[in-house]
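What follows is a short report on a single structure.
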Amino acid sequence: MTHVVTARCHDCRYTDCCAVCPAECFYRVEDPAMLVIDPDTCIDCMQCVPECPVNAIYADTELPEHYSVWTEFNKTLVGIGAMTTTQGEAHPNHVDLAAVQARETAAGWTPVEPENA
Ligand code: SF4
Ligand code: SF4
C-alpha cells in the first residue's frame, strides 16, 4: 500500500502536505505543477491526508476509478521531482475544493473524498 497524490493537486502547491510527512515522501514536480509521493518511502501514516485543502491524497486502495492511473504516475513523476519538506506559497492558479469537485462533475465523474480527509 502507499498514498497517492491525484490530479486534484494540479496547480495547488499549498504544500501543507509535505510539511507533516515524517518520511520525506513528497517530491515537487514542475509539469504538471504539483507534488507527488514516493511509494517506496511512504509508511501510510495518513498524516498528510487531512492537511490537503482539496483532498487530493488517497490511499491507493481507495482511489476513485477516475484517478486509478495516479498510482503509477506518482511512481514515475518522483523520478523527475525534487524532494521537499517545507511549506511554501500556493500556485497562482490554485483553486479550492468546491472548484475541484465542480471540475470533476463537469467531466462526468462523481466526486469521492478520501476516507481520512
Ligand atoms: S496540499 Fe494537497 S493539493 Fe496542495 S500540494 Fe499537497 S497534495 Fe497537492
Ligand atoms: S501517508 Fe504519511 S508517510 Fe505517506 S506521504 Fe502521507 S504523511 Fe508521508
Side-chain angles (χ1 to χ4, degrees):
M1 186 175 152
T2 183
H3 278 66
V4 174
V5 185
T6 63
R8 282 185 166 203
C9 177
H10 281 179
D11 292 341
C12 161
R13 298 227 185 96
Y14 293 111
T15 55
D16 307 56
C17 51
C18 66
V20 301
C21 178
E24 301 182 345
C25 297
F26 284 87
Y27 285 70
R28 180 185 172 109
V29 177
E30 300 306 324
D31 185 15
M34 65 181 297
L35 301 189
V36 292
I37 291 172
D38 182 352
D40 292 333
T41 56
C42 177
I43 57 174
D44 295 313
C45 71
M46 300 185 292
Q47 289 187 50
C48 57
V49 178
E51 295 300 319
C52 177
V54 294
N55 296 347
I57 306 170
Y58 298 77
D60 61 353
T61 51
E62 64 168 355
L63 272 175
E65 179 60 32
H66 48 267
Y67 289 142
S68 59
V69 292
W70 280 91
T71 301
E72 198 58 36
F73 285 175
N74 275 237
K75 200 173 173 180
T76 304
L77 290 169
V78 159
I80 60 163
M83 197 266 282
T84 182
T85 58
T86 51
Q87 190 167 357
E89 294 288 316
H91 191 282
N93 296 338
H94 75 278
V95 296
D96 63 13
L97 178 59
V100 165
Q101 291 168 330
R103 196 164 63 193
E104 292 174 346
T105 301
W109 305 337
T110 301
V112 177
E113 305 313 314
E115 187 178 339
N116 296 300

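When a ligand or atom number is given, it counts from 1 through the structure's own listing order.
Taken to the nearest 0.5 Å, the SG atom of Cys48 stands 11.0 Å off from the CG atom of Asp16. One finds the CZ atom of Phe26 at 11.0 Å from the CG atom of Asp38 (value rounded to the nearest 0.5 Å).
Summarising the local packing, CD of Glu30 is surrounded by more than 12 heavy atoms from other residues, nucleotides or ligands at distances under 6.0 Å. Summarising the local packing, CD of Glu115 is surrounded by 12 or fewer heavy atoms from other residues, nucleotides or ligands at distances under 6.0 Å. Crowding of Glu24 atom CD: a count of heavy atoms from other residues, nucleotides or ligands under 6.0 Å not exceeding 12.
Remark: distances from the non-hydrogen atoms of Val20 to ligand 2 are all 4.0 Å or more. Taking a 4.0 Å cut-off on heavy atoms, Cys48 fails to register as neighbouring ligand 1.
Shown in contact with Ile57 at under 4.0 Å from a heavy atom are these atoms of ligand 1, numbered in order with element: 7 (S). Per-residue contacts place Val54 under 4.0 angstrom from the following atoms of ligand 1 (heavy atoms of the residue considered): 3 (S). Less than 4.0 angstrom separates some heavy atom of His3 from each of these atoms of ligand 2: 1 (S). Residue Leu35 has at least one heavy-atom neighbour below 4.0 Å for each of these atoms of ligand 1: 5 (S). Contact atoms of ligand 1 toward Pro53: 1 (S) (distance under 4.0 Å to a heavy atom of the residue). Within ligand 1, the atoms closer than 4.0 Å to a non-hydrogen atom of Tyr14 are 4 (Fe), numbered from 1 in the order shown. Of all atoms in ligand 1, listed by their number and element, those nearer than 4.0 Å to a heavy atom of Cys52 are 1 (S), 2 (Fe), 3 (S), 7 (S).
For atom 4 (Fe) of ligand 2, the closest non-hydrogen atom of the protein is Cys42 SG, 2.4 Å. In terms of protein heavy-atom proximity, atom 1 (S) of ligand 2 is closest to Met46 N, 3.3 Å. Here the protein heavy atom with the shortest distance to atom 8 (Fe) of ligand 2 is Cys21 SG, 2.3 Å. In this structure, the protein non-hydrogen atom closest to atom 3 (S) of ligand 2 is Ile43 N, 3.4 Å.
At least one N, O or S atom of Cys45, from either the backbone or the side chain, sits less than 2.8 Å from atom 2 (Fe) of ligand 2. Between atom 8 (Fe) of ligand 2 and Cys17 there is no N/O/S contact shorter than 2.8 Å.
A distance below 6.0 Å separates the ring centres of Tyr14 and His94. The aromatic ring centres of His10 and Trp70 sit less than 6.0 Å apart.
With Cys25 as the fixed residue, the side chain to side chain contact (heavy atoms under 4.5 Å, CB included) test singles out one of Thr85, Thr41, Asp40, Asn74: Thr41.
Using a 30° and 60° split on the angle between ring planes, His66 and Trp109 fall in the parallel class, below 30°.
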Show your working on side-chain contact (heavy atoms from CB on, under 4.5 Å) between Val4 and Ile37 and close with a plain yes or no. CA-CA 6 Å; Val4 174; Ile37 291 172; over 6 Å; no
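Only the side chain of Cys25 comes within contact range of ligand 2, with a heavy atom under 4.0 Å; no backbone atom does.
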